[in-house]
Amino acid sequence: MSALDAPGNALSSWMRGDGPSSDVVLSSRIRLARNMRDAPYPPRLDRAGAEAVVARVAEALRGWTDESGRPLRVVRLDALSPLERQVMVEKHLTSPAHVRQAVGALALSEDESVSVMILEEDHVRIQCLAAGLQLRPALDRALRLDAALAERLPWAFDAEWGHLTTCPTNVGTGLRASVMVHLPGLAMANQIPGVLMTLSNNGMTARGLYGEGSESAGNLFQISNAQSLGRAEGEIVQRMEEAVRQLAERERSVRERLLNQMGEALKDRIWRAYGVLAHARRISSAEAMELLSLLRLGIDLHILPQLDAKVFNELIVATRPAFLQHLTGQEAGPEERDVKRASLIRAALRRAEARAS
Amino acid sequence: MCEECGQRPATVHVARRVNGHQTEMHLCAQCAMEKGEIGPLMQSPAWMLEQFLAALGGLGVGSPGPAAGSAAGPAAAPLMPPGRAPGGGRCPACGLPFQEFARTGMLGCAHCYEAFRHELGPAIRRIHGAARHVGHRPPDGPAPRPSAGDRPLAAAPGVGASGAAASPETPAASAGPQEPAAERVARLRAELQKAIAEERYEDAARLRDEIRALTKE
């Protein structure tokens with residue numbers, strides 16, 4: 001359990017609900033893919049080779065500290081239980097593909113805003129997370145760690161194609177910049193398809209968070225750059241920030257319009273969502289996400305003045321199946337989980353109201 | 001009119017060949033999205049990989065195209081003689097067979113890029129819309145090549161063999177006349193990056209527009 005925060009802490013610092021444009025943009029993420037030129041790539045590594053890569057990267061990370069002077073902690077994947085691994089995925093600290101690897105490790109900063117996946121699809125994937133729309137600061141942090149590693153590890157780099165990644169879809173910068181956005185207004189106004197098309201036409205991709213394909217739970221979407229070659233890191237990030245700022249503007253104006261047009265009807269939906277969340281005794285993950293999205297909209301529109309945005313961010317992670325099991329400390333069945341989820345939500349709402357009063 | 005909802009105009013036309021016969025659907029954007037035909041799947045990592053494999057296949061060097069879901073095994077008509085010299089059969093460093101790469105899209109080591117450079121080039125260009133890295137480089141990374149007429153391997157003698165098995169339009173030929181523009185764009189992009197780094201946003205905007213105009217052609 002050494003790698004995880006104190007039980008009950010669903011919130012990494014980068015998910016506290018603040019940061020620029022946090023009424024629409026929950027978090028920003030930067031990922032840099034890197035490989036060593038003198039070792040086979042993960043798909044062709046045998047066990048001994050994989051162990052050697054983990055050891056080299058862990059050694060290279062030694063001594064590196066984040067801005068507050070704290071080092072990264074390296075945890076081997078096989079030191080984590082399957083449940084703990086799933087929790088790491090739900091907290092976005094690593095990926096489903098990574099925790100499936102037989103040999104691998106994860107390096108984490110204390111505040112969980114910097115992580116390094118060792119032996120995911122690539123030898124190294126540096127990941128930096130930040131609250132709200134803060135791609136640029138996250139990029140700077142990731143590049144700082146990359147520069148430190150580049151002095152100790154022989155990155156595979158080509159004059160023409162830049163960083164040579166395992167999959168050629170990531171060559172060049174090896175950069176994937178993503179933001180997690182909450183779009184309840186655009187969803188209610190049936191404008192999501194149009195938004196996704198516009199993003200797609202501008203070299204960006206959007207997908208539902210936690211959902212597969214076009215499905216989205218809780219009106220949460222992840223937007224990322226599609227191409228990694230041919231544009232400098234700063235330009236990729238700047239273009240995305242511009243596009244996301246425009247998107248946030250559009251979401252805000254739709255919310256205002258909905259409030260003007262629907263008035264009491266919208267308020268009623270939001271208060272009903274609050275009512276169910278505050279009192280239900282059993283709730284599924286899907287229903288919880290749907291109602292939490294309305295709750296968050298109510299907070300942003302000042303319809304629910306007794307709550308803050310933090311409670312939403314906390315609950316979308318805390319009500320995921322694995323995190324819930326991690327909290328309850330037992331392998332619960334679906335029905336038990338629904339009971340546990342409802343009680344956890346009630347308690348969180350009570351705490352949030354106590355904070356506000 | 002959309003076949004799914006019957007309410008909105010059909011703007012998306014999906015043609016698909018299933019077990020030898022052609023099916024067609026005409027959908028509105030919303031229903032197409034809901035059915036997973038367009039939208040979030042466009043430009044997603046999985047979609048990019050599919051495009052990449054299609055581009056490789058389209059060059060006639062890969063397995064017979066990534067017909068979605070069809071498990072075209074290694075036995076399925078490789079156009080390339082097995083064990084062909086560098087640029088072809090296997091990566092000399094890690095032993096990855098090109099056929100395996102054409103199926104998975106995953107390379108086996110850094111040297112695979114050199115071994116398969118000729119096949120990779122057009123496919124990389126197709127999915128990224130660019131052929132040249134701009135941005136950070138590691139301290140020991142090789143500097144950008146001075147001139148643009150430098151498509152390595154493609155121009156080298158002896159590699160005609162790798163094109164021989166492929167379609168007659170060798171990808172290298174089409175790149176020729178555009179080289180000066182490509183070079184100019186690369187330089188502008190470098191300047192743009194510098195401008196952004198130095199927070200000269202007005203210059204950056206001007207450079208961006210200039211690049212956009214050049215790449216629109």
Side-chain angles (χ1 to χ4, degrees), chain A residues 35-44 121 143 146-147 150-151 154-173 175-176 190 192-194 196-197 199-200 203-208 213-214 216 221 224 226-236 238-239, chain B residues 28-30 32-36 38-45 47-49 51-52 93-96 104-114 120-121 123-124 127-145 150-152 189-190 192-193 196-197 204 208:
Chain A
N35 289 280
M36 294 185 273
R37 60 176 172 260
D38 57 358
Y41 285 0
R44 284 189 85 73
E121 186 179 292
L143 288 173
D146 172 51
E151 283 178 16
W155 283 161
F157 185 87
D158 178 80
E160 193 174 358
W161 290 333
H163 288 280
L164 300 177
T165 48
T166 299
C167 184
T169 54
N170 296 315
V171 292
T173 56
L175 168 68
R176 177 140 290 129
N190 283 326
I192 295 291
L196 300 187
M197 290 286 258
L199 289 170
S200 187
M204 276 164 255
T205 160
R207 62 179 185 84
S214 60
S216 129
F221 296 86
S224 315
Q227 280 88 20
S228 55
L229 178 73
R231 285 202 174 93
E233 292 85 353
E235 193 196 343
I236 291 174
Q238 199 198 12
R239 285 166 57 97
Chain B
C28 67
Q30 189 168 336
M33 185 99 49
E34 276 158 18
K35 291 175 75 72
I38 57 155
L41 296 178
M42 292 163 83
Q43 309 221 344
S44 69
W47 184 87
M48 292 272 288
L49 181 59
Q51 292 303 300
F52 180 81
C94 73
L96 177 77
T104 65
M106 302 289 155
L107 289 161
C109 70
H111 308 283
C112 291
Y113 278 93
E114 206 50 58
L120 275 164
I124 284 181
I127 53 163
H128 289 283
R132 195 165 276 272
H133 172 61
V134 183
H136 283 258
R137 57 189 64 246
D140 61 344
R145 287 164 218 255
D150 64 344
R151 302 192 27 104
R189 288 215 168 115
L192 177 65
Q193 194 215 349
I196 293 170
R208 180 199 59 199

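Lettering of chains follows the sequences in order, A, B, ..., and the numbering in each one begins at 1.
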Asker: For B:I127, is it the side chain, the backbone, both or neither that has a heavy atom under 4.5 Å from a heavy atom of chain A?
Answerer: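 Interface part for B:I127: both.
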Asker: Ignoring hydrogens and angles, tell me if any N or O in the side chain of A:T166 forms a donor-acceptor pair with the backbone of A:Y41 under 3.5 Å.
Answerer: no
Asker: In terms of heavy-atom proximity below 4.5 Å to chain B, should A:E235 be classed as side chain, backbone, both, or neither?
Answerer: both
Asker: For chain B, which of A:T165, A:N35, A:N170 has the most heavy-atom pairs under 4.5 Å?
Answerer: A:T165
Asker: Can you check whether A:E160's main-chain N or O pairs, donor with acceptor, with B:R132's side chain at less than 3.5 Å?
Answerer: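 No, B:R132 side chain to A:E160 backbone: no donor-acceptor pair under 3.5 Å.
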Asker: Non-hydrogen atoms of chain B under 4.5 Å away: do they reach the side chain of A:L175, the backbone, both or neither?
Answerer: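 A:L175 has no heavy atom closer than 4.5 Å to chain B.
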Asker: Any donor-acceptor pair under 3.5 Å linking the side chain of B:H128 with the backbone of A:P168?
Answerer: yes
Asker: Relative to chain B, which segment of A:P43 carries a heavy atom at a distance below 4.5 Å: side chain, backbone, both, or neither?
Answerer: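 The side chain, not the backbone.
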Asker: Hey, which of B:H136, B:Q193, B:H111, B:M106 has the most heavy atom pairs under 4.5 Å with chain A?
Answerer: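 The residue among B:H136, B:Q193, B:H111, B:M106 with the greatest pair count is B:H136.
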Asker: For a 4.5 angstrom cut-off between non-hydrogen side-chain atoms, does A:E233 reach A:D146?
Answerer: no
Asker: I need the residue from A:P42, A:A156, A:G162, A:A232 with the largest number of non-hydrogen atom pairs under 4.5 Å to chain B.
Answerer: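 Sorted descending by pairs with chain B, the first entry is A:A232.
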Asker: Look at the side chain of B:R189 and the backbone N and O of A:G230, then say whether any donor-acceptor pair between them is shorter than 3.5 Å.
Answerer: yes
Asker: What part of A:S228 is in contact with chain B, defined as an atom under 4.5 angstrom from a non-hydrogen atom: side chain, backbone, both or neither?
Answerer: both
